[in-house]
Amino acid sequence: MSAATSFSVNGGTVRVTAPPLKRLADVLREDLGLTGTKIGCNAGDCGACTVLLDGRQVCACMVPLGQAAGRAVTTVEGLAEGGRLSALQAAFQRHGAAQCGICTPGMLLAASDLLARDAAPDEPAVMDALGGVLCRCTGYRKIVEAVLDVAAPQADSEPAAGSAVGARLAKLDGMAMLTGATRFGADAIPADALWLRVVRSPHAAARFAVGDLAPLYDANPGLVRVLSAADLPCNGFGVYPDLKDQPVLADGVVRFRGEAVLALVGEKTALEAIADEAVPVAYEPIAAVVGLDAAMAEGAPLVQADKPGNLLIDGGLRKGDAEAALGSCAARAEGVFETAFVEHAYIEPEAGWARRLGKRLELHVSTQSPYMDRDETANILGLAPEQVRVLPSACGGGFGGKLDLSVQPLIALAAWLLERPVACVYQRPESMASSTKRHPARIRARFGCDAGGILQAVTMNADFDTGAYASWGPTVAVRVPVHATGPYHVPHVSARGRAFFSNAPPAGAFRGFGVPQSAIAHEALMDDLAAQLGLDRLAIRLRNALRPGQATASGQVLQASVGLAPCLEALAPPWSAALADAAAFNKTGGAWRRGVGIGCMWYGIGNTGLPNPSTMALALGRDGALTFYNGAVDIGQGSSTVLSQICADALGLPLGHFQLVVGDTDLTADAGKTSASRQTFVSGKAAQLAGEDLRGQILRLANAGPDAEIALDGTALRVTDGAARHVIELDSLPAAADGTVLRGEGSFDPPTTPLDDNGQGNPYATYGFAAQLAVADVDLALGVTKVRKIVAAHDVGRAINPIQVEGQIHGGIAQGLGLALMEEYIPGQTENLHDYLIPTVGDVPEIEVIVVEDAEPLGPFGAKGVGEPGLIPTAPAILGAIRHATGVRIARVPALPHRLRAAILAQAGPEDDTP
Amino acid sequence: MELLPPFELLRPTTVEQALAWRLENPNSRLLGGGTDLIVNLRRGIGEAPQALIDLNQIDEMTVIAGDGAALRIGASVKLAALAAHPLVRAHYPGLAQAAASVAAATQRNMATVGGNLCLDTRCIFYNQSEWWRASNDYCLKYGGSKCHVAPKSKVCYATFSGDLAPALLVLEGEVEIIGRGGRRTAPLAELYSRDGRDYLSLAREEFVCSVTARAAPGLRAAYDKIRVRRAIEFPLAGVAVALARDGDKLGALRVAVTGTNPWPVLLEETAALCGGGVDEALLQRFDALLKAQLMAMKTTFTSGHYRRRAATVLARRLVRRLFDGGYMGETR
């Protein structure tokens with residue numbers, strides 16, 4: 001039922017023949033090739049597809065093509081003016097308002113709608129206008145700043161050679177994000193690709209049998225192939241070399257709702273026409289193991305038959321004698337704290353396409369870990385790793401959720417067998433049902449200190465629900481004991497981390513690897529101790545802050561870059577001011593009470609006690625091209641820019657010369673995964689070494705000293721060493737096959753040692769430290785919390801790019817706020833973005849970032865990492881503010897209004913139930 | 001999987017044409033902004049219609065007209081236009097507040113007054129993907145025989161969540177309905193049945209053409225709602241209050257609540273509260289009325305008891321605020 005519909009797009013008239021009910025978003029992308037309009041949920045919940053319809057912002061996924069007839073549509077591709085960024089786009093670029101870029105087109109159009117009616121809007125107007133577009137990376141603050149600052153003049157100055165590090169530099173890949181040119185996983189799928197649709201289990205636990213597929217093929221000529229477990233040469237994957245427990249396609253048994261059972265491959269429209277019930281899969285449900293209690297129960301059914309007690313891992317750490325020390329403490333605090341499954345909710349669902357080229361396979365996917373994808377896919381298909389090439393698309397948000405395989409092995413298998421390009425884009429509900437989650441935790445902890453408030457002993461028992469498969473469960477269970485004490489010096493520590501299987505989606509890596517959960521426990525108990533001893537909450541933390549030369553819980557003695565104390569000292573003035581403000585506010589009475597809370601954290605940068613290498617390369621071509629071969633995937637956090645800044649200064653050439661090749665496994669060396677806040681520290685160091693290596697080669701060729709200046713002018717490399725000048729003609733040097741004449745390389749593997757049986761060792765080469773305060777108002781009668789302000793002091797070693805550092809902290813804070821107040825993934829229930837709530841622009845408060853630079857000697861120019869640290873202390877600080885306001889210690893997050901109200905009521909007693 | 005039923009899109013330009021097409025296509029659905037309907041149809045919620053009749057091209061349905069005493073709002077007026085209309089902002093602030101609080105700008109630019117008044121009832125067991133509902137054996141509201149909220153129930157408790165209805169109910173809202181017999185008007189409260197499944201009391205072919213609000217001199221009205229986050233979320237509870245003072249006494253009181261029951265509740269027996277001052281004793285009687293007339297079913301992820309309580313708290317605060325004189329802006 002197609003008809004021709006005419007309307008205007010970005011000023012030109014188009015005529016589209018398509019069904020009148022086809023979504024405008026799909027028409028723009030599929031019929032008109034305008035892939036700048038993104039699809040995040042197809043339900044009006046996320047706003048990624050926001051366009052202007054007759055000048056007003058609407059979700060293009062909800063507009064039927066027929067309703068666009070005769071009207072004017074503006075997409076992101078229509079915003080630039082005469083090839084130049086519009087003032088709004090330029091403001092976004094200047095402020096670092098785009099991180100991953102997936103929400104950027106929608107944000108730009110929502111803001112354009114507002115600015116067309118109000119050239120100088122105030123902040124509430126901006127918040128209202130952007131309220132329908134979700135962003136998971138930025139914490140919104142830089143977007144709001146950009147819209148408010150749209151009238152400011154554009155400044156296009158590029159830092160000179162040697163001054164890139166520390167500069168507030170716009171992202172190198174930012175322009176493409178602002179014009180819609182960036183290609184994400186679903187944006188560059190070949191027209192001749194077959195599509196793949198996954199058939200998923202509706203049951204959390206079941207045996208199943210696949211029936212006769214012949215009728216399905218007969219009824220659907222466009223269905224080319226149905227893939228099942230039997231088609232897989234090796235049907236197991238997992239992030240650990242010895243733990244490949246998750247099947248690509250379930251083999252007779254499903255262990256979580258949403259697990260992949262079959263893959264249908266064929267023409268897109270044919271796949272869409274197949275009803276779920278037409279696929280012959282007969283399920284025989286079995287009792288599901290739901291939640292930690294069920295998983296840990298004596299005689300519980302086994303989720304995986306060969307994992308007794310449903311136990312995945314039991315990790316621990318012991319230093320001194322914590323029990324004995326606790327016994328002699330002047331003050332003791334204890335508690336049990338629980339957290340929920342948390343969904344990554346990246347706005348870009350899993351997407352990609354694959355093709356076979358002879359004996360090789362190409363994967364174009366949205367990923368955080370191209371080399372792991374390569375090796376895992378090769379293993380599953382029975383190929384050599386070199387036969388697989390991963391070319392990462394832009395990644396529309398990851399946060400740990402795109403470290404695990406999703407579409408990769410399925411499209412790879414289909415493309416390999418069918419010798420056709422095969423694409424797959426997850427729908428939002430299937431993404432949420434099948435992707436990994438943050439581990440739900442139950443943490444029992446005890447903290448003890450002497451009469452002066454000095455910590456003596458800590459015990460912690462952290463149990464995690466790891467879902468049906470291992471994923472990163474062992475990483476979480478091992479990392480948490482190391483971080484159990486918080487960033488404090490504690491002589492006696494006993495900590496245990498266990499992970500149990502259940503019939504839920506696999507819990508995996510999510511920004512912080514379990515540390516955000518345990519930080520809720522240790523910070524609540526620090527507040528308890530302060531209250532018992534009548535100490536200021538900041539003061540007790542400062543008194544116990546880990547200092548250089550002190551040993552951590554794992555016995556590691558850090559000699560440098562231990563910046564918690566300076567963070568707390570920087571936080572002290574705003575802390576005092578906030579406390580005074582809250583006291584004054586609360587004197588005025590009314591329904592709201594204001595509270596101030598504080599949270600501290602430390603976070604080991606990189607893998608825990610495991611090798612962690614990265615290699616970077618920098619090549620000069622005979623044509624004068626300077627190419628930075630960077631295997632670290634930029635998932636929005638800005639590593640492409642930050643690593644280039646480091647490399648440029650190490651080399652001594654301006655950043656403007658740099659051309660980037662990112663993440664292509666054929667062209668770049670393995671930089672490891674983009675996780676654990678490791679890329680700036682580890683790959684940054686490798687980038688520094690690569691730049692220095694190339695510089696050294698150039699200086700040797702020129703016979704110049706170490707302080708010589710280098711300039712690149714076409715194919716001439718000019719070296720100036722005092723009065724001596726030397727020109728290297730690049731096109732006269734012998735060239736490799738790819739035209740490279742000089743190539744620098746750098747590798748770095750931070751010095752760590754494995755943890756011994758008592759959890760002792762040097763698991764990380766360096767740690768980030770932070771202290772944050774939160775001011776929150778609580779409506780006592782309604783249990784509603786409104787966070788008013790966050791001040792975040794972070795020791796990052798060195799801020800290579802302060803805009804990106806702030807962006808990471810803002811984004812982490814927004815996710816921490818979600819963890820504290822609203823995010824709770826319930827398997828089988830909150831599988832969409834209207835029941836699973838993430839913060840909107842209006843939920844994120846004013847954020848003040850205080851950057852502390854306690855240089856890390858091992859790091860590039862002193863830098864460490866900052867990807868995770870913003871999230872970790874946020875929930876503790878907010879919960880501390882709620883407690884300060886209400887007296888209630890929240891033991892289970894999220895502190896949803898009904899939960900907080902119930903807790904307030906339980907504390908006050910039922911007689912206080914007056915509104 | 002997403003569904004794409006091949007329906008026809010009809011775009012009438014008069015109510016007569018719309019009615020004629022409606023009569024010709026008994027299995028049609030009416031399209032306002034589509035912010036709920038399109039999403040639901042793609043999820044396979046509701047019978048797949050043969051045709052969608054788009055009501056946005058009918059001029060008389062896109063007009064706001066009136067004065068400070070009475071206002072006629074076409075059913076196809078966009079929520080953004082309603083919220084921004086000078087007459088509405090000046091004389092019907094509660095209505096402007098309600099319209100401005102719906103979802104987010106992305107929705108308000110499409111969503112219509114009629115669509116919000118006729119918004120399908122919602123439930124966590126209903127507003128889900130086809131795959132999701134199939135795996136739960138569907139539910140009483142659509143496709144199944146069991147209510148997952150109240151397993152023994154014969155009626156559906158899916159909750160009405162529109163924001164405009166309470167704001168209009170307290171302004172003596174009347175709907176103008178087009179049907180076989182031409183035009184008729186009815187009190188807005190009568191638009192709703194008491195069952196979450198067949199939640200509107202319209203005949204098959206009927207549709208709402210406009211809604212009228214009245215603002216008696218001295219009437220003070222406001223709307224407030226509670227939700228977990230600041231945008232793109234249906235109200236956990238929303239309350240509209242309109243009251244008039246008679247000197248130191250409460251002269252008139254109308255209260256309506258959304259987000260608790262399968263219909264927007266126009267609170268009954270509020271007249272009995274009038275004639276005295278607003279003190280704690282009166283507010284306790286007010287609480288009791290609310291508690292008796294509001295439901296507390298778990299149709300959202302927030303407990304029903306909490307939502308009923310939240311409505312009670314908001315209602316009390318609005319009454320105090322309006323009685324004491326302030327009636328613009330947030331009450332919290």
Side-chain angles (χ1 to χ4, degrees), chain A residues 1 19-21 42-45 47 50 53 56-59 62-64 66-67 110 113 127-129 131-134 197 200 202-203 257 272 274-277 427 429 591-592 779 781-784 821-822 824 826 828-832 834-835 837 839-843 896-898 901 915, chain B residues 1-9 11 31 33-36 38-39 41-43 52 54 56 78 80 100 103-110 124 127-132 134-136 226 228-234 236 283 287 300-303 305-307 309-310 312-314 316-317 332:
Chain A
M1 208 178 288
L21 263 293
N42 264 338
D45 297 326
T50 298
L53 189 60
R56 302 306 295 263
Q57 57 166 312
V58 298
C59 288
M62 296 195 295
V63 178
Q67 279 192 327
D113 176 8
M127 293 224 173
D128 184 62
V133 189
L134 296 178
R197 169 183 161 194
R200 298 185 179 280
H203 303 286
R257 197 192 128 78
E272 284 170 351
I274 297 173
D276 286 325
E277 55 269 24
Q427 298 288 322
W592 294 84
D779 185 325
L782 290 171
V784 172
L821 297 180
M822 64 182 79
E824 181 166 28
I826 306 169
Q829 296 193 44
T830 58
E831 290 165 2
N832 56 66
H834 66 258
D835 289 319
L837 302 175
T840 66
V841 63
D843 296 294
L896 289 162
H898 65 282
R901 171 61 199 165
Chain B
M1 199 61 202
E2 283 247 311
L3 301 176
L4 186 71
F7 23 55
E8 210 178 338
L9 183 68
R11 311 194 78 197
L31 176 64
T35 54
D36 195 52
I38 296 289
V39 174
L41 290 177
R42 300 283 180 174
R43 290 193 179 122
L52 289 185
D54 180 353
N56 289 287
K78 305 287 185 194
T106 35
Q107 281 80 17
R108 294 194 296 270
N109 285 327
M110 295 167 69
I124 46 175
N127 296 89
Q128 297 283 2
S129 63
E130 162 73 12
W131 177 74
W132 194 102
S135 66
N136 269 297
I226 182 165
V228 175
R229 65 178 180 186
R230 300 290 286 183
I232 345 175
E233 191 188 358
F234 286 94
L236 298 180
L283 290 172
D287 290 346
T300 73
F301 289 101
T302 304
S303 79
H305 289 287
Y306 174 83
R307 286 186 288 130
R309 182 193 159 74
T312 307
V313 172
L314 291 180
R316 236 191 198 253
R317 288 182 183 170
R332 284 176 287 125

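In what follows, every chain begins at residue 1, and chains take the letters A, B, ... in the order their sequences are listed.
Heavy-atom distances place no part of A/Ala110 under 4.5 Å from chain B, backbone and side chain included. For B/Arg307, no part lies under 4.5 angstrom from a heavy atom of chain A. Of the atoms belonging to A/Pro64, it is side-chain heavy atoms, and not backbone ones, that fall under 4.5 Å from chain B. If you measure heavy-atom distances from A/Val841 to chain B, you find no contacts under 4.5 Å at all. For A/Leu896, the part lying near chain B is the side chain, with the backbone staying farther off; criterion is any non-hydrogen pair under 4.5 Å. If you measure heavy-atom distances from A/Leu53 to chain B, you find no contacts under 4.5 Å at all. For chain B, the nearby parts of A/Asp128 are the backbone and the side chain; heavy atoms of each come within less than 4.5 Å. For chain A, the nearby parts of B/Ala310 are the backbone and the side chain; heavy atoms of each come within less than 4.5 Å.
For the set A/Gly828, A/Pro839, A/Ala591, A/Ala129, the entry with the most heavy-atom pairs within less than 4.5 Å of chain B is A/Gly828. Most heavy-atom pairs under 4.5 Å with chain A, from the set B/Ile232, B/Thr300, B/Ile38, B/Leu283: that is B/Ile232. For the set B/Gly34, B/Ala105, B/Ala80, the entry with the most heavy-atom pairs within less than 4.5 Å of chain A is B/Ala105. With chain A as the partner, the residue from B/Leu236, B/Asn127, B/Ile124, B/Asn136 showing the most heavy-atom pairs under 4.5 Å is B/Asn127. Among A/Glu824, A/Arg257, A/Met822, the residue with the largest count of heavy-atom pairs under 4.5 Å with chain B is A/Arg257.
Put simply, the side chain of B/Leu314 reaches to within 4.5 Å of the side chain of A/Leu782, judged on heavy atoms. Contact annotation: the side chain of A/Gln67 approaches that of B/Leu31 to within less than 4.5 Å [non-hydrogen atoms, C-beta and beyond]. Looking only at side-chain heavy atoms (C-beta outward), B/Arg42 and A/Asn42 stay at 4.5 Å or farther from each other. Looking at A/Leu837 and B/Phe301, their side chains never come closer than 4.5 Å, going by heavy atoms from C-beta outward. Considering only heavy atoms from C-beta on, A/Met62 stays 4.5 Å or farther from B/Thr106 through its side chain.
Nearest heavy atoms, B/Leu9 versus A/Pro20: CB-CB, 4.0 Å.
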Before you tell me yes or no, could you show the steps for A/Asp779 and B/Arg317 under side-chain contact (heavy atoms from CB on, under 4.5 Å), namely the whole-Å CA-CA distance, both residues' side-chain angles and the distance that decides it to 0.1 Å?
CA-CA 12 Å; A/Asp779 185 325; B/Arg317 288 182 183 170; 2.6 Å; yes
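The distance from the CZ atom of B/Arg230 to the OG1 atom of A/Thr840 is 8.0 Å, given to the nearest 0.5 Å. Here the CD atom belonging to B/Gln128 is positioned 8.5 Å from the OG1 atom belonging to A/Thr830, to the nearest 0.5 angstrom. Here A/Asn832 contributes atom CG and B/Arg43 contributes atom CZ; the two are 5.5 Å apart, rounded to the nearest 0.5 Å. Within the model, atoms CD of A/Glu277 and CD of B/Glu130 stand 6.0 Å from one another, a figure rounded to the nearest 0.5 Å. Between the NE2 atom in A/His898 and the CD1 atom in B/Ile226 there is a gap of 11.5 Å [rounded to 0.5 Å].
Remark: the backbone N or O of A/Gly44 is paired with a side-chain donor or acceptor of B/Gln107 at under 3.5 angstrom. No donor-acceptor pair under 3.5 Å is formed between the side chain of B/Asn109 and the backbone N or O of A/Val58.
Contacts of B/Ser129 classified as side chain to side chain contact (heavy atoms under 4.5 Å, CB included), with partners at least two apart in sequence or in another chain: A/Pro429, B/Trp131, B/Trp132.
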